[in-house]
J.: 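I have a structure here, written as structure tokens, and I will follow up with some questions on it.
Everything numeric in this text was worked out from a predicted model, so none of it was measured. When reading the values below, keep in mind they use all heavy atoms of this one structure, side chains included, and skip hydrogens, waters and symmetry mates. Naming: A, B, ... by sequence-line order, numbering from 1 per chain.
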Number of protein chains: 2
Amino acid sequence: MAHGGKLRPMKGIRQLAEHLDISIGTVSRALNGKPDVNEETRKRVLAAAEQLGYVANQSGRSLRQGTTNVIGLMIQSSRETVENSDNFFLTVTGGLQSVFSRHNLDLIMLPCPHDEDPYEYLKRMVARRIADAMIISETQRVDKRFDLLAKAKIPFAALGRSLSGAQHAWADLDFAGVANAAVDRLVAHGHRRIAISAPASDINLGFIFVEGYRRALERHGIPYDPALVLRAKSSEQGGYQVGDELLELQDRPTAVILIYELMAIGFYRRVMEAGIIPGRDIAVVSFREAPRAKFLQPALTCFRTSVHDLGVELAEILLSSMPAYSQEYPRKTRQTVWPLELIPGESDAFHLTTER
Amino acid sequence: MAHGGKLRPMKGIRQLAEHLDISIGTVSRALNGKPDVNEETRKRVLAAAEQLGYVANQSGRSLRQGTTNVIGLMIQSSRETVENSDNFFLTVTGGLQSVFSRHNLDLIMLPCPHDEDPYEYLKRMVARRIADAMIISETQRVDKRFDLLAKAKIPFAALGRSLSGAQHAWADLDFAGVANAAVDRLVAHGHRRIAISAPASDINLGFIFVEGYRRALERHGIPYDPALVLRAKSSEQGGYQVGDELLELQDRPTAVILIYELMAIGFYRRVMEAGIIPGRDIAVVSFREAPRAKFLQPALTCFRTSVHDLGVELAEILLSSMPAYSQEYPRKTRQTVWPLELIPGESDAFHLTTER
DNA sequence: ACGCGCTCCGTAAACGTTTACGATACTATG
DNA sequence: CATAGTATCGTAAACGTTTACGGAGCGCGT
């Protein structure tokens, strides 16, 4: 106040210091809650900072203490294999942030361009030290990014499992469990010829889903028939295509497990064109994220969970592997298989009669 | 090579310099394509940097030259009003990046937590100087963020119009045009009582959409009836609710304009429950982003565009207002109303007979 | 031989913070 | 009163880069 103008944009901590007639070091200590500063001067500093709208320059801070207070979430902006992005990432993000914000950590999303190799992109981001820790998503069955991050000694967690990351930190939806429970349910309804849709098996999700399905069949003494595994994109288009392929199969399956709700829209359309009605002529079960599928007719039987809470879990897993926060988030294990819940609908609400 | 170990993690430009027995200044100039450096030593430097995996520390660089080479895209991670995010943002992001990557600019997404005020969040990000320029989205009818960014003198562009940003840079889907064309088409088919769904009018999109609708009606001499404006969320749920409300209306409309394709799923479901069939008993027109709606039965008549190209346009608009790039992207105007194209379906493919 | 211009390179300051260290004043203790 | 201890603060170095500036070497024309 003594020195004049008060609302011009702050230039740095130096200005703030001489505005207060205090040394720059004390100001810094005051702002950062460090000891060795009189409680009354701290108040003055905080008040002045608030009034002048001072916010520490992040570059300066990062340079000095080698930390950014930023967590990076890498996503692939539009891969062919993953058209199901939808609100999924935004919902996970919400969960992540609800945890991070408690520690003044900001989350940024790093969208890898489709024309750039994800590995190279991540490498660039890591080298730039744009974030203190990383979260990677859409993990592949073998995924070099795990080694990259481990070698770079940067804390990280994955949204999705991988062979390459078995011993690292991750959280993943329990798609093996979904396939398992779906098969159980369908078998209980009398089905024995059950098809399944999945992404290509180099996407780890695709592998795990089919693997759960295979084991469940085995448990029920039903032979595994590779012809019943229909690889397709997780979109309406993909669902339509699954319908197409299914209709071509000889000894047509009486039930199908879709991996994503969007597929159901296309699948419904396709089989209905052939006069086949879901829930009467064929049983359909799927995973769903948003409250969408219930608007299908007949209502889709599906597995659901709180993707937001999955984000919370993943955030805690990540923090537990960051030295600065690990005490606050002690964990025995840093791998989570996130359960899903069955929401019964009408799309599989019939029992197969023996004569068929 | 002279000095020994070659694959340990680079610590800085200094290491690289003494590895080459060159001064640190020359190395920097070589890497950044500055003049005053022998073409052959430049090659040596680049080779060594590549081999040792050296990447400039971003904090140091930012601190020195006050620039980050990063563009920030602010999104609201999960507002009530916008449940239609879908792949929209990810697709726009793809378009943005295809332009930015040509200039070594990296795009990061800044998701505002739902429990934080978007204005405050943006203020924080700006103060942190986390990016050289900003793109904001989901603009409100009055949106303080425009003033904030203008006052901070940081280059920016908006995905969406706003009263507050009339003279700033933006690109927006032509929803007024959609409403206009939709009314034209429906009137040509004999409809005169046309309902419309839209988000709340403080979301600028909601205002513009209804305004286009109102003017089109006016042009056709049809009185504007506020009761036919059905405010709802842009989701399946919202569509279901629109169906609900529409069925309650006295002198029931013969046509409805939905603002988002997802709504059609819920809307179809609701009216079909009442025995009313889209494309026969009621005409439906909508906007669509993804190739989804065609899987509805009957196929939805809708307006479509390349959201990717919209991203490209927006990127160019932004660059044109950044001093460092404005010469490369000269523009007469920095405001774009992005056109959409009509994709005829069956959901409005009938003419209203006079007797009704 | 001298000076001039050009090419190339090294030196050092600066960006805004944080923090180790030392200095000062004051209090308590002997 | 001397001394040690404590609370509070100032000083300056350091983080990794970029860049203005000056200097060395060289060729060339007078």
J.: May I ask you to evaluate whether B/S28 reaches the phosphate of D/dT19, defined as a side-chain N or O under 4.0 Å from OP1 or OP2?
T.: no

J.: If each of B/I24 and B/G60 is mapped to the nucleotide of DNA chain C with the nearest heavy atom, which maps nearer the 5' terminus, i.e. the 5' end?
T.: B/I24

J.: With a 4.0 Å cut-off on N to O distance, would you call B/K43 and B/E40 a salt bridge?
T.: no

J.: NA contact type, B/N57, heavy-atom cut-off 4.0 Å: base, sugar-phosphate, or nothing?
T.: sugar-phosphate

J.: Return the nearest nucleotide to the side chain of A/R29; candidates are D/dT11, C/dA13, C/dG10.
T.: D/dT11

J.: Please report the distance, rounded to the nearest Å, between CG in B/L16 and P in D/dT18.
T.: 11 Å

J.: Quiz question: by atom type and distance under 3.5 Å, do the side chains of B/T68 and B/D132 form a donor-acceptor pair?
T.: yes

J.: Between B/V37 and A/S59, which has a closest nucleotide on DNA chain C that is more 5'?
T.: B/V37

J.: Would you kindly give the CD1-to-C1' distance between A/I13 and C/dC15, to the nearest whole Å?
T.: 14 Å

J.: Think A/N38 has a side-chain N or O under 4.0 angstrom from the OP1 or OP2 of D/dT8?
T.: yes

J.: Measure the distance from CZ on A/R44 to P on D/dT8 and round it to the nearest whole Å.
T.: 14 Å

J.: Could you tell me the separation between the CD atom of B/E18 and the C1' atom of C/dG10, rounded to a whole number of Å?
T.: 15 Å

J.: Could you tell me whether A/E313 and A/R331 have a side-chain N and a carboxylate O separated by less than 4.0 Å?
T.: yes

J.: Is any side-chain nitrogen or oxygen of A/T26 closer than 4.0 Å to OP1 or OP2 of D/dG10?
T.: yes

J.: Does the side chain of A/N32 get closer than 4.0 angstrom to OP1 or OP2 of C/dT18 through an N or O atom?
T.: yes

J.: Rounded to whole Å, how long is the line connecting atom CD of B/Q58 with atom P of D/dC15?
T.: 19 Å

J.: With respect to the phosphate group of C/dC9, does any side-chain polar atom (N or O) of B/T41 fall under 4.0 Å of OP1 or OP2?
T.: yes

J.: Please check the phosphate of C/dG16 (OP1 and OP2 only) for any side-chain N or O of A/Y54 closer than 4.0 Å.
T.: no

J.: On the nucleotide D/dT18, are OP1 or OP2 found under 4.0 Å from the side-chain N or O atoms that B/K34 carries?
T.: no

J.: Whole angstrom is fine here: how far is it from CD in A/E40 over to P in D/dA7?
T.: 17 Å

J.: Return no unless some side-chain N or O of B/R61 is found under 4.0 Å from OP1 or OP2 of D/dG16.
T.: no

J.: Is any NZ, NE, NH1 or NH2 atom of the basic residue among A/K123 and A/D117 found under 4.0 Å from an Asp or Glu carboxylate oxygen of the other?
T.: no

J.: Side chain of B/R64 only, heavy atoms from C-beta on: which candidate in C/dG10, D/dT17, D/dC15 is closest?
T.: D/dT17

J.: How are the rings of B/F156 and B/H168 set relative to one another: parallel (under 30°), tilted (30 to 60°) or perpendicular (over 60°)?
T.: tilted

J.: What is the distance, to the nearest angstrom, from the CD atom on A/E39 to the P atom on D/dT8?
T.: 8 Å

J.: For B/R14 and D/dT18, give me the distance from atom CZ to atom P, rounded to whole Å.
T.: 12 Å

J.: Please state whether the phosphate of C/dT19, meaning OP1 or OP2, lies under 4.0 angstrom from any side-chain nitrogen or oxygen of A/Q65.
T.: yes

J.: Is it true that A/H103 and A/Y329 share a donor-acceptor pair across their side chains at a distance under 3.5 Å?
T.: yes

